[in-house]
Each structure stands twice: as structure tokens, then as C-alpha cells.
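Letters A, B, ... mirror the listed sequences (proteins, then strands); counts begin at 1.
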Amino acid sequence: MRLSAYFLPLLKENPAEAQIVSHRLMLRAGMIRQASAGIYSWLPLGFRVLKKIEQIVREEQDASGAQEMLMPTIQSAELWRESGRYDDYGKEMLRIRDRADREMLYGPTNEELITDIFRSVVKSYRDLPKNLYHIQWKFRDEVRPRFGVMRGREFLMKDNYSFDIDQKAARHSYNKMFVAYLRTFARMGLKAIPMRADTGPIGGDLSHEFIILADTGESAVYCDKAWLEADILAEAANVDYENDLQPFVDKWTRLYAATDEKHDPAAIPADRLVTARGIEVGHIFYFGTKYSKPMNAVVAAPDGQMVPVEMGSYGIGVSRLVGAIIEASHDENGIIWPESVAPFKVGLVNLRASDKKCTAACDELYAKLRAAQLEVLYDDRDESPGAKFATMDLIGLPWQLVVGPRGLAAGKVELKHRKTGVREELTPEAALQKLAS
RNA sequence: CGGGGCGUAGCUCAGCCUGGUAGAGCGCCAGCUUUGGGAGCUGGAUGCCGGAGGUUCGAAUCCUCUCGCCCCGACCA
């Protein structure tokens with residue numbers, strides 16, 4: 001993509017309404033635009049990142065055996081009356097009436113709808129287990145939206161729902177998601193620490209929040225310092241979902257980690273304790289028959305008895321992750337995208353667009369990068385070098401390929417790594433090879 | 001939902017107290033000069049001063065109402 005043609009409204013100054021760094025950077029980098037409080041349009045650059053994150057989530061869900069579907073954003077109030085949540089949800093639920101004066105709502109989550117679909121189709125334990133997910137926009141009419149996409153009213157969420165015949169099987173479904181979540185976040189360059197969460201009236205130990213550490217996180221968290229060195233991805237990547245996952249889950253829940261509400265100073269020696277701030281990016285939850293009972297989602301067990309299915313639900317805040325990743329990865333000059341979610345892999349910088357030789361060299365590199373299937377944003381604008389460097393640092397592409405008359409005279413281009421700041425003088429061919437590897 | 005604050009050019013903001021008919025910097029457009037970390041000069045365009053009502057000869061400025069947005073708290077993927 002040529003930057004001269006790209007819709008990328010950059011801001012040099014910080015918009016007054018943005019308080020935290022991810023919000024400021026997303027606005028300045030032209031990723032989003034606020035439509036109203038807590039509701040955002042995603043501009044091309046931001047949308048690319050959103051899609052990258054969504055795709056990683058999708059791949060890991062699929063790998064775990066979950067199946068993707070899509071449920072509507074608008075739901076009927078009827079189902080919510082059945083579960084009893086229509087009144088419980090209160091003003092956070094956006095309620096709408098259609099032309100026939102039917103009560104509708106913009107879904108804040110989908111337990112009722114998925115349970116309705118499930119119960120109307122699945123009648124036997126032979127059809128279990130099932131795990132269904134979708135990635136869909138949700139709406140929760142927060143009293144106080146803030147922090148940009150981190151705490152919006154409209155947000156994109158992956159949510160899935162597992163159905164099992166008994167608690168043992170449900171625990172296996174839960175464990176699968178536990179593993180899938182570790183893998184998902186690790187692939188985004190994040191260290192998401194599973195922290196035991198409130199399970200509500202059901203009790204037990206089957207609820208975890210996945211928290212990433214970031215200085216600007218909204219809540220205080222406490223964990224064993226061993227978490228900081230733990231290489232989760234290396235271990236999670238090799239997990240076979242068909243095996244018993246309990247030993248793996250036990251291992252990654254043994255190390256101390258707790259949110260503010262759950263923190264017990266007596267549970268961990270002071271010299272092992274790390275105090276930090278965290279952002280919740282995922283939540284997994286086993287809730288048994290909370291919905292299947294009132295909504296009569298029952299299946300025939302092997303003994304012929306009709307039993308309510310055991311359910312769990314699992315959420316990942318996809319749009320929130322865009323902000324969360326920036327919170328965890330930025331510097332004073334801008335965003336530093338992990339390669340897996342970067343909107344483009346490389347920014348090609350033409351330092352002097354008015355120079356024919358320089359532009360010819362850039363055009364050639366651009367063609368070769370594209371031929372190599374590398375995602376490239378080509379800054380072909382007639383701007384000063386300083387402005388171009390500042391733009392590249394702001395939007396945070398992992399690699400900057402800088403081409404100027406001075407270097408070209410020596411047959412060299414410069415390859416800068418955004419994260420480390422390391423710059424290398426290379427021949428154009430060597431730079432291409434390095435980027436392609 | 002309680003408490004506080006802010007709405008003036010695309011962005012950041014001054015002007016409001018003390019009423020006299022709209023400003024700066026950045027950005028944008030044109031031209032010239034520049035060019036390895038947000039370049040310089042010259043010229044130019046841009047505003048229902050959030051909206052409605054009121055006071056006044058006259059309102060961005062004073063009063064009332066209203067809408068929107070932000071912050072703190074309680075609540076949350």
C-alpha cells in the first residue's frame with residue numbers, strides 16, 4: 001500500500017479526550033475515530049490490526065476443536081426472560097423496540113441464544129461434547145465508558161460455549177480453553193497470566209481471568225515473580241488437546257497469581273511477590289446448569305435419564321486487545337507492534353521522493369516486497385525525512401526499510417527494527433532476504 | 001448513577017471575568033527554497049463560538065434550558 005493513497009489521518013498532537021497511552025496512540029495513528037461515547041469507527045490501519053487479532057483467536061479456537069458460527073447482534077427479549085436475566089441485567093442492556101413493538105435488545109452476550117439453538121437440536125449424550133464460538137459485536141451500556149477501545153460500550157468479542165454430559169467432561173472442555181487462551185495471547189506477543197476469578201454461586205475453581213501486565217492497567221494484580229520469566233508459548237504450543245490436560249493446567253495455576261480482590265498476602269512469600277497492574281483480556285468460566293436448567297436444555301444420558309447439559313462460556317475481548325497490546329508495547333515515539341498483529345510488516349521509507357533514482361529504487365523494492373507476499377506500507381509522500389521517521393515510529397510497524405540518496409550512492413539501504421531500534425546498513429537484496437526469512 | 005470539568009478552524013488552545021461583531025500555533029491549499037529524526041519563506045482558504053430561548057442598541061462573552069464529550073468514584077470483556 002502506498003501511503004500517499006492510504007486513508008491514514010495522523011494527528012501530531014494529542015487529542016484532549018484521550019487520557020491513556022493506547023487511546024492517544026490509536027487516535028494519533030489514525031486507527032480509530034470516536035462515533036459517540038464508547039463507540040468507535042475502525043479506520044483502515046486499526047481495522048487491519050483488529051482483523052489480525054481476530055484471526056489468531058480464530059485459528060486457536062479451531063485448533064482446540066471449537067467450531068465457528070455467527071449469532072445476531074439483536075436478540076429477542078423472550079429468551080432473556082426465560083433465563084431470568086432480562087431483569088437482572090438492568091440498564092447495562094440496551095433495549096430496543098421494533099415496529100411491531102416487540103421487545104428486542106442488542107446482545108451483551110449470548111448464553112441464552114446459544115442454549116436455545118442447542119436445546120432445539122441436541123437430544124443425546126452421543127452428540128456431546130460440543131463447543132461453539134462466534135466473534136461478534138456486543139453492546140453493554142456502561143455507565144462510564146473510557147480508555148478508548150479498552151472500555152467501550154460496543155466491542156468485538158469472541159465468546160464460546162461448551163456443552164458436556166457431566167462435570168468431568170466439562171472440566172476437560174474448560175481445560176482446552178485454558179490452553180487455547182495461553183496459546184492465543186502468547187501468539188500476540190502477550191504474557192497473559194491466568195488468575196483465579198470469582199465463580200459466583202457455583203463455586204469450585206473453574207473460572208480464570210487472563211490478565212496481561214501493563215503499567216497503565218486498570219487494576220492491581222499480584223503474582224509470583226517466576227511468571228515474568230515463564231515461557232508459556234513454548235509449552236502450550238506442544239499440547240495435544242486429546243490428552244488429559246489437567247497436569248498442564250495444574251502446572252500453570254500452581255504459581256501464585258491473583259487480582260486485587262483475591263489477593264492474599266499470606267499466600268506468597270514477600271520475596272517472591274511481584275506487584276503490578278493488569279488488563280483483563282480473557283475470562284473462562286464453568287457455570288454448570290445455570291442456563292440449561294431454566295431453559296430446559298436436556299439430553300438423554302446413557303442410562304436414558306434426561307439431564308441438563310453442563311456448560312461453560314469463554315470470552316476474549318478482541319477489540320480491547322488492540323488497546324491492551326499497545327499498553328503493553330509502546331515507547332515515547334509511538335506504538336511497537338508485535339509482528340503477529342502488525343498492520344503491515346514493513347514500512348518502506350523513501351527519504352527523497354523528488355529524487356528520481358531514489359524513487360526508482362524504492363519502487364523496485366516495493367514491487368519485490370509485494371511479490372514476496374510481505375505486507376508493506378510504502379511512504380512515497382513528498383515529506384521531510386523527519387516527518388517520515390516520526391510517522392513510522394508512531395504507527396509502529398516492526399520493520400522500517402529506509403532508502404535515501406546517501407545510502408544508495410554506496411549501494412546500501414537501512415533496515416531498522418522498531419522494537420530494538422537496531423539499524424543495519426544492507427544491500428537492498430540482503431534487506432529483502434532478511435525480511436522474507 | 002453521584003461529584004467535577006469542558007464544548008471557539010481539521011488538531012491543541014487563547015479570547016469570556018470587565019458585552020462592541022473572530023484569534024494564535026500546528027495542519028490544509030499555491031509558489032519558491034529545502035531534504036538522514038515532525039524544514040524555511042511568501043501568499044491563501046477555513047468557523048451557524050455545540051443547540052434553543054432570554055437580557056441588551058449590540059452576545060463567543062451575561063442569564064435559563066438543552067445536547068454532547070471528558071475526568072474522579074461506584075460497576076465491568
Problem set entry | Sugar-phosphate only, base, or nothing, as touched by A:Thr109 at under 4.0 Å among non-hydrogen atoms | nothing

For this session: Write down the distance between CG (A:Leu10) and P (B:C28), rounded to a whole number of angstrom.
Result: 11 Å

Problem set entry | Integer-rounded Å distance: B:G36 P and A:Glu425 CD | 15 Å

For this session: Sticking with atom C1', work out how far B:C65 lies from B:C28, rounded to a whole angstrom.
Result: 38 Å

Problem set entry | Face-to-face contact A:Phe155 to B:A77 six-ring, under 5.5 Å, under 30° | yes

Seminar exercise, completed: In Watson-Crick or G-U wobble terms, with both distances under 3.5 Å, the base opposite B:G20 is B:C57

For this session: Provide, to the nearest angstrom, the distance between the CG atom belonging to A:Asp260 and the P atom belonging to B:A74.
Result: 11 Å

For this session: Assign A:Val402 to base, sugar-phosphate, or nothing according to its heavy-atom contacts below 4.0 angstrom with the strands shown.
Result: base

Exercise. A:Trp252 and ring pair (Phe, Tyr, Trp, His ring centres under 6.0 Å): which partner among A:Trp227, A:Tyr181, A:Phe178, A:Phe210?
Worked result: A:Trp227

For this session: Please say whether the positively charged group of A:Arg140, taken as NZ for Lys or CZ for Arg, lies over the ring of A:Phe155, i.e. under 6.0 angstrom from the six-membered ring centre and within 45 degrees of the axis.
Result: no

For this session: Check the pair A:Lys416, A:Val349 against side-chain contact (heavy atoms from CB on, under 4.5 Å), reporting the backbone distance first and the verdict last.
Result: CA-CA 11 Å; A:Lys416 177 182 158 184; A:Val349 179; over 6 Å; no

Seminar exercise, completed: In whole angstroms, the gap separating C1' of B:A77 from CH2 of A:Trp137 amounts to 13 Å

Exercise. Got a salt bridge between A:Arg81 and A:Glu103, using NZ or NE/NH1/NH2 to carboxylate O under 4.0 Å?
Worked result: yes

For this session: Classify the side chain of A:Arg423 versus the base of B:G37 as yes if they form a donor-acceptor pair under 3.5 Å and no if they do not.
Result: yes

